[in-house]
Amino acid sequence: MPGRAREVSPWWAAARGLLSGFGGGGWIGGPMPLFKRKPFSLLEPPKDLDSKEKISGKSNLTFEEALVSEHHAVSKAQKLPTELMAPVLRMIQYSTLGLYELVEKIYASLQEAVFEGLELYAKQDGLEAACRILKILGSDGTKMYEVGWLLRDKTIISTSVIKGEDLIHRRPPVSRNTLKIFIRDATSQNAPWVIHENLAKRYGIPIEPPNDMMFGEGLQKKGRKRREDGPMGDPKKKMKNDEEHINVPIKYPIDDLLVQPSADDHALLKRPPLATDFRVPKYSVGDLLMVWDFCLSFGRVLNLSPFSLVDLENAICHKESNALLVEIHTAIFHLLIKDEGDYFTILRTKKRKLKVTLVTWAEYLCDFLEMTKTEELTRNIATVRKGYYSLIDTDIKLKILRELVEEAITTSPVREKLSERVDQRQALAATKRESTRKAKDEQNSSIDGLQDDNESVDEQGKGKEEKDKNNISRSKTEGKRHGVQHLETEIEKLSIRSSPLGKDRHYNRYWFFRREGRLFVESADSKEWGYYSTKEELDVLMSSLNVKGLRERALKRQLDKLYSKISNALEKRSKEITHKLLLEEAVLRRSTRVRAQPRDNPSMSFLKYVNKWKDN
């Protein structure tokens, strides 16, 4: 199920921690680790384990001392003065310097930085004394400062106005280590450094790279001999170097934001517009997909038969009670009761029956909302108790379902199902590797046999025998290929989470679900969603991706790899929509003669939902 790298998509973040151990076979907070499929206990770590603190770089520390030192370093790095945020971020954005060179550059530029709240030293009656800048004043073009004189406990004993020349700058307001940690936390990549988009927007930092980015500061490769003609160099040599820079070919791929459009890239700029006709708010589409994907992935565990994404969306937005939403809530409540966790304990305390019915499910929902202790959700308890759940805002309904799913993910039945699927996938992957190896061996042996036989046959019968052997070899190869494709399909069915296909140049993520014939697009901040629904849109999208950029090249490869699967799903959905429109027209024509029932309308099909997997 979807998740984000570095810039994490919030709508499956709860499952990410649970699902992060596929390769190693262990669960966070789950059963004991396995060795040769048998559980074993881990030894306690040594109390005086020598550790190097990875943020500040301090060594010769015990494990506990390293943790404390790292905590202090992180908290100090988060105290970068607000007044320095914008200028520091401007120096970081698109800098091509290495980390330590960039730290030194910023550190030197902050040596003379002065802002309100800064604590430093100044001259007072000919002596140096600690003070704090209270206000920056201007007088005839000369800056004056109102300062408060400090005692050792940082209390102000008196104030006065002094000139800038009386200030004593012993060191910058932040340390080099603080800057190093801040740069790492504020950026999404290096070479060049690119700060997070939300930070850039908040402090007014340009997002587009400068025109001279490719030939700017810090592009000299390590190990090259530096010029010895001073910082500016010989003017004639500088002009010559500039001319050489113009002709230096760029080695692609590079970061997408650094790719400059060329004359033959005009088609790459025409990306098809996204459809955004969701019934739920766009910022809630992630929650909708999360709930739907979970219910279909673990339908057998929940005893909940499949339903379409459109039906779930219509059911969520419907202002009357409907069977689909009630069945989803009831199925998850039964799972939580079966797990005998916190929710089970609350029900026991309230002496509730452990059988949730379609009539009493709202009471169990109120108990769950109380357990969450989230104000945004708990203030709807009175509405649910009165029987008006369907009148709750759509985004709140989805948040409630998201909380239920996040709780369900931690239950033992779901964990056991995940472990079972991991084992099955590993077994099928091993079978696939063995089949691929045998197919290659048979193909090589058939070619060798054909060459040996060709030497012993006469010219008259050579063509016929060679043709027969080629046909036999080709049929065997095709049979093996179909077997491998079947294994790939089975492995895909056992998928336990979806991952984005990739990102475009603006960090928008692209999602494809095998049960839904749409290609979804999620914005970098996860607040906007859209989708492509036709094969023609998919083709235009693929032709618009610039393979000179790292992200769009990777996305293009994934779309090429899954092209037939995605395009078939899009075409299938288009045919279903056409068929549905024809049915709606038929219902409309009939309604002019006979009053048609609302359930006859295909868009109201969720009202006909029946849970065929329900455990009675």
Side-chain angles (χ1 to χ4, degrees), residues 56-57 72-73 75-187 193 195 199-200 202-206 210 216-218 226-233 235 238:
S56 65
H72 288 328
S75 61
K76 285 180 67 177
Q78 293 173 347
K79 294 180 180 178
L80 190 70
T82 306
E83 294 81 3
L84 298 181
M85 289 290 284
V88 170
L89 289 173
R90 284 193 188 92
M91 285 185 276
I92 295 173
Q93 183 75 312
Y94 293 115
S95 172
T96 54
L97 294 174
L99 176 61
Y100 293 99
E101 290 83 357
L102 181 57
V103 167
E104 288 298 328
K105 176 183 176 182
I106 299 174
Y107 188 79
S109 67
L110 296 180
Q111 186 70 41
E112 303 294 329
V114 178
F115 53 88
E116 293 180 5
L118 174 66
E119 293 182 3
L120 71 170
Y121 286 84
K123 294 179 182 179
Q124 183 185 31
D125 300 329
L127 300 176
E128 293 183 5
C131 66
R132 181 184 299 147
I133 304 293
L134 301 179
K135 196 173 183 181
I136 300 176
L137 309 172
S139 177
D140 299 330
T142 304
K143 280 194 175 181
M144 306 289 288
Y145 302 93
E146 181 183 347
V147 300
W149 303 102
L150 304 176
L151 293 175
R152 287 189 177 181
D153 60 356
K154 304 297 183 181
T155 57
I156 299 176
I157 55 173
S158 63
T159 62
S160 61
V161 177
I162 62 174
K163 297 179 180 179
E165 59 190 32
D166 292 330
L167 296 176
I168 300 173
H169 298 271
R170 289 186 175 179
R171 59 182 181 180
V174 291
S175 66
R176 291 182 176 89
N177 193 51
T178 299
L179 288 172
K180 181 173 69 173
I181 300 170
F182 177 77
I183 291 171
R184 286 173 172 168
D185 288 343
T187 55
W193 297 95
I195 63 175
L199 273 178
R202 187 186 307 169
Y203 293 99
I205 311 300
E217 180 185 28
R226 295 181 179 271
R227 292 197 298 268
E228 299 178 356
D229 300 321
M232 296 301 294
K238 187 175 186 300

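Atoms considered below: every heavy atom in the structure, side chains included; atoms not considered: hydrogens, waters and symmetry mates.
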How long is the span from the [atom1] atom in [X] to the [atom2] atom in [Y], to the nearest 0.5 Å?
| X | Y | atom1 | atom2 | answer |
| --- | --- | --- | --- | --- |
| Ile205 | Tyr94 | CD1 | OH | 11.5 Å |
| Leu97 | Ile183 | CG | CD1 | 9.5 Å |
| Met144 | Ile136 | CE | CD1 | 13.0 Å |
| Glu104 | Leu99 | CD | CG | 10.5 Å |
| Asp185 | Ile195 | CG | CD1 | 13.0 Å |
| Leu167 | Tyr145 | CG | OH | 6.0 Å |

Taking the side chain as every heavy atom from C-beta outward, state whether [X] and [Y] have any atom pair closer than 4.5 Å.
| X | Y | answer |
| --- | --- | --- |
| Ile162 | Gln124 | no |
| Leu134 | Ile156 | yes |
| Leu89 | Phe182 | yes |
| Leu179 | Arg176 | no |

Check your understanding: With Thr155, which residues qualify under side chain to side chain donor-acceptor pair (under 3.5 Å), at least two apart?
Key ->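 Only Asp153 meet the side chain to side chain donor-acceptor pair (under 3.5 Å) criterion with Thr155.
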Legend entry - Partners meeting side chain to side chain donor-acceptor pair (under 3.5 Å) with Thr159 (sequence neighbours left out):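 For Thr159, no residue satisfies side chain to side chain donor-acceptor pair (under 3.5 Å) once neighbours in sequence are set aside.
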Please output the side-chain donor-acceptor pairs of residues 114-123 that fall under 3.5 Å, not counting sequence neighbours, one pair per line with the distance.
from   : atom 1 : to     : atom 2 : distance (Å)
Glu119 : OE1    : Lys154 : NZ     : 3.2
Glu119 : OE2    : Arg132 : NE     : 3.2
Glu119 : OE2    : Arg132 : NH2    : 2.8

Determine whether Val88 and Leu110 satisfy the following criterion, side-chain contact (heavy atoms from CB on, under 4.5 Å), listing intermediate values before the conclusion. CA-CA 9 Å; Val88 170; Leu110 296 180; 4.3 Å; yes
Sub-3.5 Å donor-acceptor pair from the side chain of Trp193 to the main-chain atoms of Met91, do we have one?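 No, the answer is negative, given that no donor and acceptor are paired below the 3.5 Å cut-off.
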Query - Check: Ser95 side chain, Ile92 main-chain N or O, donor-acceptor pair, under 3.5 Å - result: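 Not confirmed, Ser95 side chain does not pair with Ile92 backbone.
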Might you point out which heavy atoms bring Trp149 and Ser160 nearest each other, and give the distance in Å?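 So the two residues come closest at NE1-OG, 2.8 Å.
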